[in-house]
Amino acid sequence: MSFAGKTYWIIGASEGLGRALARALAHEGARLILSARNEPRLRDLSRDLPEATALAMDVTDATSVVAAACRAEKLGPSLDGVIYCAGSYDPMSALEWKPGRAERMTEVNYTGALRVLSHVVPRMVARRSGHVVLIGSLAGHRGLPGAIGYGASKAALMHLAENLRADLKSTGVRVQSVNPGFIRTRLTEKNSFVMPMLMTPEHAAAHVIHAMRRRRFSTSFPAPFAWLFTLGRHLPLPWFQAIFRPRA
Ligand SMILES: NC(=O)c1ccc[n+]([C@@H]2O[C@H](COP(=O)([O-])OP(=O)(O)OC[C@H]3O[C@@H](n4cnc5c(N)ncnc54)[C@H](OP(=O)(O)O)[C@@H]3O)[C@@H](O)[C@H]2O)c1
């Protein structure tokens, strides 16, 4: 699969994985629409890339999403793909529940995706072509400690990808769920624990692009760390949670 000349809308492109994905896809010859809240960071990136447009959007604000979706349609009348990479993460245990934080993560990680896709998917279906890529997380496979809000929002996004796949199977719209392990970004700066197989954003972006080229619906990486989560789905929950129990 070639990305040359295709138009992709990356949501969450100002930082981290989304920013690295923008650079990598631009290198492959893709035209890009770059969204997130921080417009100066998007402009700074778009200036560096041959065919990229900054389009500021807050996925938690329905009005902002509608305005951006209308503009994106004008910028790329045949939007070939959308990558939903916006993310919010606050490590939080149920024993130290901070009001509002779990709702915030759900708004960005899951409800924001519904807002964006509700505009993008119908157009793709009408055109009978398109590519939807949802960036989940290994943390979305099963319930982990210290992941109130984040884990469930990622599980919801990954579940949504399955719903979309089922409904869109014969429409020409391809759906993929791509689920990374730990990436060194501002998001994981908050973690105080050891992060196995920590990747650079560039390394993770290369994994995502590799997954996008393949027909496989769901990709979790990096192996072998990801196997703990994909195979771990079939373990009895107490066994799985014993592997990841919080240290005292
Ligand atoms: N880092 C990891 O270890 C890891 C592991 C698995 C999965 N992931 C997933 O990978 C994706 C990228 O994460 P990252 O590590 O690259 O984090 P990051 O560096 O913090 O980037 C997150 C991106 O989401 C955007 N964003 C946040 N809130 C937004 C909002 N309300 N509206 C629009 N955009 C918003 C941010 O831009 P603005 O602040 O400019 O809005 C930024 O571009 C996320 O979905 C994350 O859950 C990350």
Side-chain angles (χ1 to χ4, degrees), residues 9-24 32-46 54-69 72 82-91 100-101 103-117 133-141 144 146-147 149-158 160-161 176-205 207-208 211 218-222 225-226 229:
W9 186 10
I10 306 179
I11 326 286
S14 62
E15 301 294 337
L17 175 60
R19 198 173 178 92
L21 264 174
R23 288 192 187 283
L32 300 172
I33 303 170
L34 308 172
S35 289
R37 291 165 303 176
N38 190 333
E39 197 163 9
R41 289 287 288 159
L42 294 174
R43 287 198 186 287
D44 168 59
L45 176 62
S46 68
L55 177 58
M57 169 175 75
D58 181 345
V59 299
T60 66
D61 174 352
T63 311
S64 167
V65 172
V66 172
V82 61
I83 305 176
Y84 193 84
C85 190
S88 165
Y89 168 67
D90 270 312
R101 297 264 179 102
E103 292 92 321
R104 171 86 202 155
M105 287 184 259
T106 307
E107 271 289 309
V108 177
N109 299 349
Y110 172 61
T111 316
L114 293 177
R115 281 191 193 101
V116 172
L117 295 175
V133 181
L134 303 184
I135 303 296
S137 167
L138 295 186
H141 282 294
L144 293 167
Y150 186 75
S153 65
K154 285 293 175 179
L157 187 73
M158 289 153 71
L160 172 67
Q176 290 186 298
S177 171
V178 183
N179 315 310
F182 294 115
I183 312 167
R184 193 190 303 279
T185 63
R186 66 178 184 179
L187 199 136
T188 44
E189 272 171 12
K190 299 167 189 166
N191 285 342
S192 53
F193 54 84
V194 175
M195 292 178 273
M197 296 193 72
L198 183 65
M199 298 169 278
T200 62
E202 291 72 25
H203 187 188
H207 271 285
V208 174
S218 172
T219 303
S220 293
F221 65 90
F225 187 50
F229 296 83

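Counting starts at 1 for both ligands and their atoms, following the listed order. Just so you know, residue 1 is the first one in the sequence shown, and it goes up from there.
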Handout entry: Any side-chain donor near an acceptor of the partner, S14 and N38, under 3.5 Å
Key = no
Problem - No-hydrogen, no-angle side-chain donor-acceptor test under 3.5 Å, S88 and D90 - result: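 No.
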Identify, for [atom], the protein heavy atom at the shortest distance, and state residue, atom and that distance.
{"atom": "atom 2 (C) of ligand 1", "result": "I183 N, 3.4 Å"}
{"atom": "atom 31 (N) of ligand 1", "result": "D58 OD1, 2.9 Å"}
{"atom": "atom 47 (O) of ligand 1", "result": "Y150 OH, 2.6 Å"}
{"atom": "atom 17 (O) of ligand 1", "result": "L187 CD1, 3.1 Å"}
{"atom": "atom 16 (O) of ligand 1", "result": "L17 N, 2.7 Å"}
{"atom": "atom 35 (C) of ligand 1", "result": "A86 CB, 3.9 Å"}
{"atom": "atom 33 (C) of ligand 1", "result": "M57 O, 3.3 Å"}
{"atom": "atom 15 (O) of ligand 1", "result": "T185 OG1, 2.6 Å"}

Handout entry: Pair E202 + R19, salt bridge at N-O below 4.0 Å
Key =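 Here E202 does not pair with R19 in a salt bridge, since their nearest N and O are not under 4.0 Å apart.
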Problem - Euclidean distance, W9 CH2 relative to L34 CG, rounded to 0.5 Å - result: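 The distance works out to 11.5 Å.
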Proximal candidate to [atom] [heavy atom criterion; set [options]]:
{"atom": "atom 36 (C) of ligand 1", "options": "R37, E15, R186, K190", "value": "R186"}
{"atom": "atom 4 (C) of ligand 1", "options": "S137, A204, P180, G181", "value": "G181"}
{"atom": "atom 11 (C) of ligand 1", "options": "C85, A20, S64", "value": "C85"}
{"atom": "atom 38 (P) of ligand 1", "options": "S14, S35, G87", "value": "S14"}

Practice task
Would you check whether R19 reaches within less than 4.0 Å of ligand 1, judged by its heavy atoms?
Solution key: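 The answer is no: ligand 1 sits nowhere under 4.0 Å from a heavy atom of R19.
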Exercise for the section: Please state whether F182 comes within less than 4.0 angstrom of ligand 1, counting heavy atoms only. Expected result: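 The answer is yes, since F182 has a heavy atom less than 4.0 Å from ligand 1.
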Handout entry: Side-chain donor/acceptor of T200 to backbone N/O of H203, under 3.5 Å
Key = yes
Exercise for the section: May I ask you to check whether V108 has an N/O atom sitting below 3.5 Å from an N/O atom of ligand 1? Expected result: no
Practice task
Would you check the N or O atoms of V59, main chain and side chain alike, for any that come under 3.5 Å of an N or O of ligand 1?
Solution key: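 Yes, since at least one N or O of V59 sits under 3.5 Å from an N or O of ligand 1.
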Practice task
Taking the six-membered ring for Trp and the single ring otherwise, decide whether the centroids of F225 and F221 are under 6.0 Å apart.
Solution key: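 Ring centroids of F225 and F221 are no less than 6.0 Å from each other.
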Problem - Distance flag, aromatic centroids of F193 and F182, threshold under 6.0 Å - result: yes
Practice task
Using the side-chain contact (heavy atoms from CB on, under 4.5 Å) rule, pick out the option among I10, I83, L55 that qualifies with L32.
Solution key: I10
Problem - Y89 and N109: CA distance, side-chain angles, deciding distance, side-chain hydrogen bond (donor to acceptor under 3.5 Å, both in side chains) verdict - result: CA-CA 9 Å; Y89 168 67; N109 299 349; over 6 Å; no
Close-contact set for ligand 1 against [X] heavy atoms, below 4.0 Å:
{"X": "G12", "value": "23 (C), 24 (O), 25 (C), 43 (O)"}
{"X": "A36", "value": "33 (C), 34 (N), 37 (O), 38 (P), 40 (O), 41 (O), 43 (O)"}
{"X": "A13", "value": "43 (O)"}
{"X": "T60", "value": "31 (N)"}
{"X": "T188", "value": "1 (N), 2 (C), 3 (O)"}
{"X": "G16", "value": "16 (O), 19 (O)"}
{"X": "N38", "value": "40 (O)"}

Problem - Close side-chain approach of L144 and Y150, heavy atoms under 4.5 Å - result: no
